[in-house]
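Notes for the one structure printed next.
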2 protein chains.
Amino acid sequence: MTDIDTDNSPIPERKRGSGVKMVYDLLRDEILDLVLPPGSPIDEVQLAERLKMSRTPIREALVRLAGEGLIDTLPNRSTMVANIDFLNLNPFFDALVLMYRVTTRLAAQNHRPEDLPIIRGFHEDYAAAVQARDALTMIATNAAFHAAIAEAGRNPYFTSLFRRLLDEGRRILRLYYQSYEEQFPQRFVDEHAAIIAAIAARDIETADRLGKAHAEQIVEQVQKLFARNNKLDIAL
Amino acid sequence: MTDIDTDNSPIPERKRGSGVKMVYDLLRDEILDLVLPPGSPIDEVQLAERLKMSRTPIREALVRLAGEGLIDTLPNRSTMVANIDFLNLNPFFDALVLMYRVTTRLAAQNHRPEDLPIIRGFHEDYAAAVQARDALTMIATNAAFHAAIAEAGRNPYFTSLFRRLLDEGRRILRLYYQSYEEQFPQRFVDEHAAIIAAIAARDIETADRLGKAHAEQIVEQVQKLFARNNKLDIAL
DNA sequence: TGTATTTTTCTTGTCGACAAATAAAATACA
DNA sequence: TGTATTTTATTTGTCGACAAGAAAAATACA
């Protein structure tokens, strides 16, 4: 082995403020896709070596992730990917259903014409993923679709909470879809279309009702997966 | 002026993890009490000198505060206390009213016996502040009272959003009470008592209704202050 | 005098190093 | 052999220093 890099390290330089964002995005994606499963230890030094930067920007990214509840930090000890409380998902479901409702309702009330193409774009991406039976893309595009609706509702407080819930939902769904290759039914695509129509028509009450029903469908679907999984666990 | 500290700097040492929390709490309090008004620049070096520590823990505290929306950071440039969008407080009011409702409802549903003494304690603190016509303590204890109710509701997603809204509310109220020495009416104390009763009785619907009415009262009160202030602004 | 360009200053972002706190390993002791 | 104590090792929290980026100041030019 020689001292000279095989690639002669041509461009090891990054732009000045990009380090933190790079680490943040990388870790966030790996956490949400369960590449880093809940409970995984996160080693600052190791990350620093891998990404060829000092610990400082990595530390800042970790602080931000901790603020969003994606990692847990034990003082003076280890830091690890946040666990999911599978024994009591009710608070999560409660918050998720309410935010589905509220953001859909507000989108019907406050959206601007330029919002609709964006929402429709994610809707089509989602439909394509359903067609292709690509569960992972379905999970991600579904979250993006509803996040876009929330943006159109123009309430940053609701939007930020909803994004956090959708992120957590990605982790939960990913956990079950990777083992069972389940898929969202076509029904969800149709419901998305109906939601878009209600928003475009500025029909607030219908949007509210559809948002709530859609959310409860999803919760029910997840709970079904859970029940089946628990039965299997017991059977084994 | 001599080089020797007047106090001989006897214990300049802090415990290891306490630096960040100290800075965070200090800045948070100063921001919420408008000691640092919206738009104030925050100088890392200056803070480091004042608190006799390096910039690293200060930076970490700033990252956390930015994550909570209390400060804004411009890349490679200044960082300053987050502004308040006075021209459009509707999203704030919408979110505030909904969280008042939801947290009060959930408290009626999920509280445990040990939660009630805590809630009643803040209730008494608030009543005392009203009696003493101490506007600042009223603002703070009112927020603490409702945060305690949210905790009893045991939904961390709602609680964290609600805390953020209550923080923002402290800033808004503080701005107006410091100029007009207005005060919350006795009515709010009575409403608080009724809310506690509904929670203790586990009367979910009543708690929901009272929480909503109480929130709308507060929003109306704030909007009244705004209207009066705007009239004065125009008159001047 | 007004505008464009260069220089300076000031603040932030990143780095490498060191010390404290904890966990793990090793040792002593019963 | 089992428990308590010391020692080692690993990881975090903090520090001081330096360089990049942008604003402000100074200069050049019309």
Side-chain angles (χ1 to χ4, degrees), chain A residues 3 5 9-28 30-31 36 39-67 69-83, chain B residues 3 5 9-28 30-31 36 38-83:
Chain A
D3 276 329
D5 284 359
S9 51
I11 310 168
E13 339 177 1
R14 285 159 248 96
K15 276 164 221 152
R16 195 172 147 84
S18 69
V20 178
K21 181 172 164 48
M22 169 177 300
V23 183
Y24 172 83
D25 288 339
L26 174 70
L27 284 180
R28 182 171 178 280
E30 291 192 350
I31 290 172
L36 294 175
S40 304
I42 295 180
D43 186 344
E44 297 176 4
V45 178
Q46 190 176 318
L47 267 173
E49 288 172 2
R50 178 148 74 98
L51 301 179
K52 303 223 193 305
M53 60 178 73
S54 92
R55 277 175 52 221
T56 308
I58 287 168
R59 227 136 188 293
E60 179 172 332
L62 292 182
V63 170
R64 283 172 52 183
L65 289 168
L70 290 179
I71 65 174
D72 287 333
T73 302
L74 307 190
N76 278 321
R77 270 193 278 157
S78 65
T79 145
M80 55 192 207
V81 178
N83 278 103
Chain B
D3 277 327
D5 284 0
S9 51
I11 310 169
E13 339 176 2
R14 285 158 248 96
K15 276 164 220 153
R16 194 172 147 82
S18 68
V20 178
K21 182 173 163 45
M22 169 176 301
V23 183
Y24 173 83
D25 289 340
L26 174 71
L27 284 180
R28 183 172 177 279
E30 291 192 349
I31 291 172
L36 294 175
S40 304
I42 296 181
D43 186 345
E44 297 176 3
V45 178
Q46 192 176 319
L47 267 174
E49 289 172 1
R50 178 147 74 98
L51 301 179
K52 304 223 193 305
M53 59 179 73
S54 94
R55 277 174 51 220
T56 307
I58 287 169
R59 226 138 189 291
E60 180 173 332
L62 292 182
V63 170
R64 284 172 51 183
L65 289 168
E68 297 168 24
L70 290 178
I71 65 175
D72 287 333
T73 301
L74 308 190
N76 278 320
R77 272 195 275 155
S78 65
T79 146
M80 56 192 208
V81 177
N83 278 104

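All chains are named by letter (A, B, ...) in the order of the sequence lines, taking the proteins before the strands, and each is independently numbered beginning at 1. Only heavy atoms go into these numbers, but all of them, side chains included; no hydrogens, no water, no symmetry mates.
Counting only residues at least two apart or on different chains, the salt bridge (Lys or Arg N to Asp or Glu O under 4.0 Å) pairs with a member in residues 60-69 of chain B are A:R59-B:E60. Screening residues 16-27 of chain B for salt bridge (Lys or Arg N to Asp or Glu O under 4.0 Å) gives B:K21-B:D25 as the qualifying pairs, with residues at least two apart or on separate chains.
The side chain to side chain donor-acceptor pair (under 3.5 Å) test applied to B:R55 returns B:E44, not counting sequence neighbours. The side-chain contact (heavy atoms from CB on, under 4.5 Å) search around B:M53 returns B:R14, B:M22, B:V23, B:L51, B:P57, B:I58, not counting sequence neighbours. Annotation: side-chain contact (heavy atoms from CB on, under 4.5 Å) contacts of A:E49 (sequence neighbours excluded): A:V45. Every side-chain contact (heavy atoms from CB on, under 4.5 Å) that A:T56 has, sequence neighbours left out, goes to A:S54.
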* Asked: In B/S/- notation, 5' to 3', how is nucleotides 16-24 of chain D contacted by protein heavy atoms closer than 4.0 Å?
  -> -B-BBSSS-
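Within 4.0 Å of A:T79, counting heavy atoms only, lie sugar-phosphate atoms of the nucleic acid but no base atom. B:I42 comes within 4.0 angstrom of the backbone, heavy atoms only, and of no base.
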Give me the distances for all protein-to-nucleotides 6-10 of chain D N/O pairs that come in under 3.5 Å?
none

* **Bracket notation of DNA chain D in which parentheses pair within the strand, [ ] cross earlier pairs, and | pairs with another strand (Watson-Crick or G-U, under 3.5 Å)** => ||||||||||||||||||||||||||||||
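Rounded to an integer number of Å, the gap from CG of A:L51 to P of C:dC15 is 11 Å. Between the CD atom of A:E44 and the P atom of C:dT22 there is a distance of 16 Å, rounded to whole Å. B:L74 places its CG atom 15 Å from the C1' atom of C:dC10, with the value rounded to the nearest Å.
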